[in-house]
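Contents: one structure, followed by commentary.
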Amino acid sequence: MRVALFMACFDDAMFPGTGKAVTALLERLGHEVTFPPGQTCCGQMHWSTGYHREAAGLARGFADAFAAASADGRVVVTPSASCAATVRHAYPRIARAAGDTGLARAVEDLAVYELTEFLVDVLGVTDVGASFPHRVAYHPTCHSLRALRLGDRPLRLLREVRGLELVDLPGAGECCGFGGSFAMKNADVSVAMAADTVRHVRQTAADVVCAVDDSCLAQIGGVLSRLRAGVRVLHLAEILAGREAT
């Protein structure tokens, strides 16, 4: 299958390893991966903070960047539940608010999947041939849990990784406190929420905490780092792409 990769601007700027991991994983599974160069931010933060005109411009840019991929029969895959949720749920609202019927049609024509949706629902794969001999806790991010309703897809993938010990995370349904602009506008509340999440992570005695959004991992990882907790944060794609010797 031909796949057009969409990287969150957060990942592109701060977590380039995630995109490399997704590419390595999908190519290992026999798929062709392309990276349309015109892509930028999906506009999620602009839309959620009231900058609707700017969000509409970014949505049009996304549709333009991936129009050729869609016309060529490629699906769009992203390792960001937040971005996938924005395209799927916010873009139709953005198009309506802007009165842009062309954008509405373009969005309808796009097939955009979060990575674990693509692997489990489209490819029908849970065992991707990965090895990762570590104790791992999975943090379900808010957009993955509530907007995309990924359910147990990430867990099904993790359970098939050789050598991986998956541990339950207490309070797994609670927000880590990042929320994009929320962390900047409500810093004290954000820090308190992150402290709760990290307390739960440390209770698991996990070596690694993973998620499907690097933005949330940046929030959790920042607190873990300051506490010198000795717990790594990794995007799920990096674990699935791994073939560490067991």
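Throughout, residue positions are numbered sequentially from 1 according to the sequence presented.
- At distances below 3.5 Å, not a single donor-acceptor pair connects side-chain atoms of Ser225 with backbone N or O atoms of Gly221.
- Counting only distance, with no hydrogens or angles, the side chain of Arg96 and the backbone of Tyr91 share no donor-acceptor pair below 3.5 Å.
- A donor-acceptor contact shorter than 3.5 Å is absent between the side chain of Arg159 and the backbone of Thr126.
- Taking CZ of Arg226 as the reference point, atom CZ of Arg228 lies at 12.5 Å (rounded to 0.5 Å).
- For the pair Ser144 (side chain) and Pro140 (backbone), a donor-acceptor distance under 3.5 Å is absent.
- The closest donor-acceptor contact from the side chain of Tyr113 to the backbone of Val122 lies at 3.5 Å or more, if one exists at all.
- For CG of Asp168, the number of neighbouring non-hydrogen atoms (other residues, nucleotides, ligands) closer than 6.0 Å is 12 at most.
- Here the CD-CE distance, from Glu32 to Met1, works out to 12.0 Å after rounding to the nearest 0.5 Å.
- The six-membered or imidazole ring of Phe6 lies near that of Phe62, with a centre-to-centre distance under 6.0 Å.
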(request) May I have the step-by-step check of salt bridge (charged side-chain N to carboxylate O under 4.0 Å, His left out) for Arg88 and Glu117, ending in yes or no? (result) CA-CA 13 Å; Arg88 190 173 303 167; Glu117 287 182 314; 2.9 Å; yes
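- Thr34 and Arg2 share no donor-acceptor pair across their side chains, judged by distance under 3.5 Å alone.
- When every heavy atom of Ala241 is checked against every heavy atom of Arg28, the shortest pair comes out as O-NH1, 3.0 Å.
- Judged by distance alone, with hydrogens and angles left aside, the side-chain atoms of Gln39 form a donor-acceptor pair with the main-chain N or O of Leu5 at under 3.5 Å.
- Aromatic ring pairs are classed by plane angle as parallel below 30°, tilted from 30° to 60° and perpendicular above 60°; the pair Phe15 and Phe10 is parallel.
- At a cut-off of 3.5 Å, with distance as the only test, a side-chain donor of Thr18 or Asp214 sits close to an acceptor on the other residue.
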(request) Could you go through the side chain to side chain contact (heavy atoms under 4.5 Å, CB included) check for Phe118 and Val3 one step at a time? (result) CA-CA 10 Å; Phe118 180 67; Val3 175; 3.7 Å; yes
(request) Using the side chain to side chain contact (heavy atoms under 4.5 Å, CB included) rule, take Leu227 and Val223 through it: C-alpha gap first, then chi angles, then the decisive distance, then the call. (result) CA-CA 6 Å; Leu227 294 175; Val223 178; 3.9 Å; yes
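- In this structure, Cys175 SG and Asp196 CG are separated by 11.0 Å, a value rounded to the nearest 0.5 Å.
- One N or O on the side chain of His235 and one on the backbone of Val212 form a donor-acceptor pair closer than 3.5 Å.
- The same ILVMFWY cluster, assembled from side-chain heavy atoms under 4.5 Å apart, contains both Val125 and Leu240.
- Here the side chain of Asp213 pairs no donor or acceptor atom with the backbone of Thr141 at under 3.5 angstrom.
- Within 6.0 Å of atom CZ in Phe35, more than 12 heavy atoms from other residues, nucleotides or ligands are found, so the atom counts as buried in its surroundings.
- Note that NE2 of His89 and NE2 of His143 are 9.0 Å apart. Values are rounded to the nearest 0.5 Å.
- For the atom pair CZ (Arg232) and CG (Leu217), the distance works out to 12.5 Å, reported to the nearest 0.5 Å.
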(message) Assess the residue pair Leu29 and Leu119 against the criterion (side chain to side chain contact (heavy atoms under 4.5 Å, CB included)); give the C-alpha distance rounded to whole Å, side-chain angles, the decisive distance to 0.1 Å, and a yes or no.
(response) CA-CA 10 Å; Leu29 294 174; Leu119 292 171; 3.7 Å; yes
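- Remark: the backbone N or O of Ala90 is not paired with any side-chain donor or acceptor of Arg93 at under 3.5 angstrom.
- Applying the 6.0 Å contact sphere to CZ of Arg53 captures no more than 12 heavy atoms from other residues, nucleotides or ligands.
- Note: Phe132 CZ to Glu238 CD = 9.0 Å, rounded to the nearest 0.5 Å.
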(request) List the steps and the verdict of side chain to side chain contact (heavy atoms under 4.5 Å, CB included) for His134 and Leu164. (result) CA-CA 5 Å; His134 301 285; Leu164 186 149; over 6 Å; no
